[in-house]
Colleague: 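Before I ask anything, here is the structure I am working with.
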Amino acid sequence: MAGAAALPGLAHAQISDPKTGQGAPVPALPDPVPRVSTQEEPIVPDAEFEAALPKLSDDINAPLEPIKDFQAQEPAKAAPTPAPGPSTPPTVPTVTQEIESFAPAAAESPEFAEPLQPLSAFKVEPASADDTSNEKTPTIRYTTVIEGLDKVRLDDRFRALSALENGDGKAVNAAMVSARAREDEKLAVRLMQSLGYYDGTAVSTIEQNPKNSGNLRATVAASPGSIYRLGTITIVSGPTVPPGLLDRELNLNPGDPIQADRVQGAEANVSLRLPQQGYPFTELGERDILLDEETHIGDYTLPVTLGPRASFGKIVTEGRRKAFGADHIELLKRYKPGQIYDSRAVDDLREALIATSLFSTISVEPQKTGQPGPDGTEVVDLLVKQAAGRPRTIAAELGYSTGQGIRLEGSWTHRNLFPPEGALIASGVLGTQEQGVTGTFRRSNAGLRDRTFQLQAGVNHKTYNAFKSYTGSISARMSRDSTPIWQKRWTYYYGLELLGTNEDRYNFNLGQRDRGTWLIAALPMYGGYDSTDNLLNPTKGFRIKANISPETSVRVSARPYERFMLEGTAYYPVSGNIVIAGRARAGSIAGIARNDLPPSRRYYAGGGGSVRGFGYQELGPRSPDGRPVGGRAFNEFAIEARYRFGNFGIVPFVDAGQVYEGIYPTAQDLRFGAGIGGRLYTNFGPIRVDVATPIARKPGESKIALYISIGQAF
């Protein structure tokens, strides 16, 4: 067909006639350039390729095969070129490219031939934050500006919690400053909302100040907006007795700002006060405050589940190890059955149980009984869950003072050997001037709460400058005492004491020392009032103590007399860490001459618990041989400034006192001592070290006196 041309690269082509639709064969035209055929035989058949692959293991954690075991495969041989024919396309010349050969590889390290470590055995440890680099970390500085919070008096509270402020004006980069500023935005909004500014907003900006200086200024600008106030106040609850009890104890009023502290405090007051007024099972639900953005009013709703109004029933107790039964616990309560339930009485009972020191754990919980009580109440029993603790204790106390020497006192106590609360105590004193042993039986809460009965017997040997004695004693007393756990306002004791003592003395009638034996019967009595805040380390309040003891001394004949002593101490806090403490004490013995008194029953002064700066019993009249002889009257005064810093303290002090032969403390010829002390405050009381010296020292008196003990001087 005229005008038709053969398509290049085809061996045959057929073009259809547009009139007849029949195709006519067109002779193939040779290509102007040799071409490679588009149909090629596979280099390697599939079956041969699969057979050549090494077999893989099904275990993914299996070690890899050493690389040296792999063999290079021979290249597949090229297929023979067919002879040209009429239907065979022209052959394409084979282009052979020689590949440059490389030098043999170096010998492999043996480690490469070893199996790889399983993946599960790898542990990647993060770099430690403490790792330091030789390069110094760059630091930028910034200042913090707070705007708007001073209008609602939140600027100080904001600065105390601010991330920017806590950064001390330093950061690694500007991104850190920006992150802190965003946290402070949220903080400012929360603080404003806590005061009722629920529309408050805060925006932070970071800029260089001054420009191009590298120093930044972070500004947090707050806009409080309008304050929201309480609208309607609804308490969803049953009726109370008396009516309106919940409204009175919640004490939220329309118009009050919706402040978080105010609302939470009001709800806490309901949780506290309702159980004190007959509702031990009161439960507060979740509050709901509906805010109106237009009027800035919030309607407050609080659901309260009251539970039954209750009255006290009986005491029941349970526990695997009981210290004592319910009958003794009944002795400790301060309420009467049928009385309206009051959680303060329950707390008081719990504290009394703790004060016995007989429990490792103790709890007191109200239990519903379903039984009707007086005035429409339900009877509620108190369930005491107890677990007895270890009843035995060992204690020791070591002290030293000039004139009295070393004094070691130890004790072993079984607090519940004779239940309930019947204790046996064995104690002893070992010192340079005193030795003795004592046995004590003590019944705590004896028939009445806080009342203690004590029976004691002991022998004692004392060697002092004033006298030397061998004494045996037996005593009994009933008391109401304070303890560090249960400090009481009023304390007292009364009892009976019998002593037999052999002592040496200076006999003024004979002008020499001699020994004598006395039998003494006494009826000691004591009363005290304590308004201080701490038994061992008071910082405020005062104490008053009075002792009276009618006694009879028998040596050849009976000589009755009376001993009196009055003491007052006061504590005044000047600041948070300085307390001024003062003491005054005086005593008198009437009805007997001094020389007829056994030396151990006379009054003496001087020492760590008396007038510091002087030796033990050093003040007062002396015998011709230079030893103290004691007297029938004395007075003592002391003032000290207790400065405490952390667990340590410094205490400068001045003491004064004197002993008199007559029966009246005349305050004449007072002697003064001054010094300074150190304190180490521990959880069981302060450890005291005092150093003092006499003022206007006389011949024979101590130059320096040292006192070491536990507890304050007074």
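The figures here come from the full heavy-atom set of this structure, side chains too, leaving out hydrogens, waters and symmetry mates.
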Colleague: Does any non-hydrogen side-chain atom of Thr440 lie less than 4.5 Å from one of Gln454?
Modeller: yes
Colleague: To the nearest 0.5 Å, tell me how far Ile710 CD1 sits from Ile687 CD1.
Modeller: 6.0 Å
Colleague: Quick check: closest heavy atoms across Gly325 and Thr317, and the distance to 0.1 Å?
Modeller: C-CG2, 4.4 Å
Colleague: Please examine the side chains of Pro366 and Tyr341, heavy atoms only from C-beta on, and report whether any two atoms are closer than 4.5 Å.
Modeller: yes
Colleague: How long is the span from the CZ atom in Arg585 to the CG atom in Asn547, to the nearest 0.5 Å?
Modeller: 10.0 Å
Colleague: Give a yes or no on whether the ring-centroid distance for Phe359 and Phe324 is below 6.0 angstrom.
Modeller: yes
Colleague: Measure across Tyr571 and Thr539 and return the closest heavy-atom pair with its distance rounded to 0.1 Å.
Modeller: CB-C, 3.9 Å
Colleague: Less than 4.0 Å between a side-chain N and a carboxylate O, is that true for Glu503 and Lys468?
Modeller: no
Colleague: Closer than 3.5 angstrom, by distance alone: can the side chain of Glu701 be matched with the main-chain N or O of Lys698 as a donor-acceptor pair?
Modeller: yes
Colleague: Is Arg344 reaching over with its side chain to a backbone N or O of Asp348, donor-acceptor style, under 3.5 angstrom?
Modeller: no
Colleague: Nearest 0.5 Å please: distance from the CG atom of Asn460 over to the OG atom of Ser473.
Modeller: 8.0 Å
Colleague: Considering only NZ, NE, NH1 and NH2 on the basic side and carboxylate oxygens on the acidic side, decide whether Arg601 and Asp596 come within less than 4.0 Å.
Modeller: no
Colleague: Can you find a pair of side-chain heavy atoms, one from Val651 and one from Ile676, that are under 4.5 Å apart?
Modeller: no
Colleague: Looking only at heavy atoms, which two atoms of Tyr335 and Lys333 are closest? And how far apart?
Modeller: O-NZ, 3.3 Å
Colleague: Under 3.5 Å, is there a donor-acceptor pair between the Gln487 and Asp530 side chains?
Modeller: yes
Colleague: Quick check, are the ring centers of Tyr604 and Tyr616 under 6.0 angstrom apart?
Modeller: no
Colleague: Taking salt bridge (charged side-chain N to carboxylate O under 4.0 Å, His left out) as the cut-off, I'd like each qualifying pair that reaches into residues 481-490, sequence neighbours left out, listed once.
Modeller: none
Colleague: How about Phe441: does its CZ atom have over 12 heavy atoms from other parts shown lying under 6.0 Å from it?
Modeller: yes
Colleague: Quick check: does any side chain N or O of Arg480 sit under 3.5 Å from a backbone N or O of Arg451, one acting as donor and the other as acceptor?
Modeller: no
Colleague: Under 3.5 Å, is there a donor-acceptor pair linking the side chains of Arg583 and Thr569?
Modeller: no
Colleague: Using modelled atom types only, decide if a donor and an acceptor are shared between the side chain of Ser702 and the backbone of Ala705 within a distance under 3.5 Å.
Modeller: no
Colleague: Under 4.5 Å between any side-chain heavy atoms of Asn445 and Asp450, yes or no?
Modeller: yes
Colleague: Do the side chains of Asp690 and Arg612 get close enough for a salt bridge, i.e. N-O under 4.0 angstrom?
Modeller: yes
Colleague: Taking the six-membered ring of Phe714, is NZ or CZ of Arg642 closer than 6.0 Å to its centre and within 45° of its axis?
Modeller: yes
Colleague: Taking the side chain as C-beta and beyond, is there a heavy-atom pair between Tyr664 and Arg632 under 4.5 Å?
Modeller: no
Colleague: Just by distance, do the side chain of Arg559 and the backbone of Arg555 share a donor-acceptor pair under 3.5 Å?
Modeller: no
Colleague: Hey, can you tell me if Phe634 and Tyr603 have their rings parallel, tilted or perpendicular (30° and 60° cut-offs)?
Modeller: tilted
Colleague: Using every non-hydrogen atom in the two residues, find where Thr693 and Ile704 come nearest and quote the distance to one decimal.
Modeller: CB-CD1, 3.9 Å
Colleague: Taking C-beta and beyond as the side chain, do Met525 and Pro550 meet within less than 4.5 Å on heavy atoms?
Modeller: yes
Colleague: Side chains of Gln658 and Asn635: is there a donor and an acceptor less than 3.5 Å apart?
Modeller: no
Colleague: Answer yes or no: are there more than 12 heavy-atom neighbours, outside Leu383 itself, under 6.0 Å from its atom CG?
Modeller: yes
Colleague: If we ignore angles and hydrogens, is there a donor and acceptor under 3.5 Å between the side chains of Thr501 and Thr471?
Modeller: yes
Colleague: Kindly compute the distance separating CG (Leu274) from OG (Ser343), expressed to the nearest 0.5 Å.
Modeller: 10.0 Å
Colleague: Taking atom NZ of Lys545 as the centre, does the number of heavy atoms from other residues, nucleotides or ligands within less than 6.0 Å exceed 12?
Modeller: no
Colleague: Does Lys368 make a cation-pi contact with Phe281, if we ask for NZ or CZ under 6.0 Å from the ring centre and within 45° of the axis?
Modeller: yes
Colleague: Strictly below 4.0 Å, N to O, side chains only: are Arg671 and Asp669 in salt-bridge contact?
Modeller: no
Colleague: When you check the side-chain N and O atoms of Gln386 and Thr361, is any donor under 3.5 Å from an acceptor?
Modeller: no
Colleague: If you measure only the distance, is there a donor-acceptor pair under 3.5 Å linking the side chains of Arg543 and Thr532?
Modeller: yes
Colleague: Before we go on, tell me: are the rings of Tyr529 and Phe542 under 6.0 Å apart, centre to centre?
Modeller: yes
Colleague: Hey, does the Lys NZ or Arg CZ of Lys462 hover above the aromatic six-ring of Tyr464, less than 6.0 Å from the centre and inside 45° of the axis?
Modeller: no
Colleague: Does Gly646 offer a backbone N or O that forms a donor-acceptor pair with the side chain of Arg644 under 3.5 Å?
Modeller: yes
Colleague: Is the shortest distance from a Lys or Arg side-chain nitrogen in Arg443 or Glu421 to a carboxylate oxygen in the other one below 4.0 Å?
Modeller: no
Colleague: Under a 3.5 Å distance rule, please check whether Glu330 uses its side chain to pair with a backbone N or O of Asp327 as donor and acceptor.
Modeller: no
Colleague: Do other residues, nucleotides or ligands put more than 12 heavy atoms under 6.0 Å from Arg594 CZ?
Modeller: yes
Colleague: Would you indicate whether the side-chain heavy atoms of Val384 and Leu353 approach each other to under 4.5 Å?
Modeller: yes
Colleague: Within the distance-only criterion (no hydrogens, no angle test), does the side chain of Gln435 pair as donor or acceptor with the backbone N or O of Gly431 below 3.5 angstrom?
Modeller: yes
Colleague: Looking at Arg442 and Phe453, would you say the former's side chain and the latter's main chain have a donor-acceptor pair under 3.5 Å?
Modeller: no
Colleague: Does a side-chain heavy-atom distance below 4.5 Å link Gln456 with Ile474?
Modeller: no
Colleague: Check whether NZ of the Lys or CZ of the Arg Arg513 lies under 6.0 Å from the centre of the six-membered ring of Tyr506 and within 45 degrees of that ring's axis.
Modeller: no
Colleague: Any sub-3.5 Å donor-acceptor pair from Asp381's side-chain atoms to Lys314's backbone N or O?
Modeller: yes
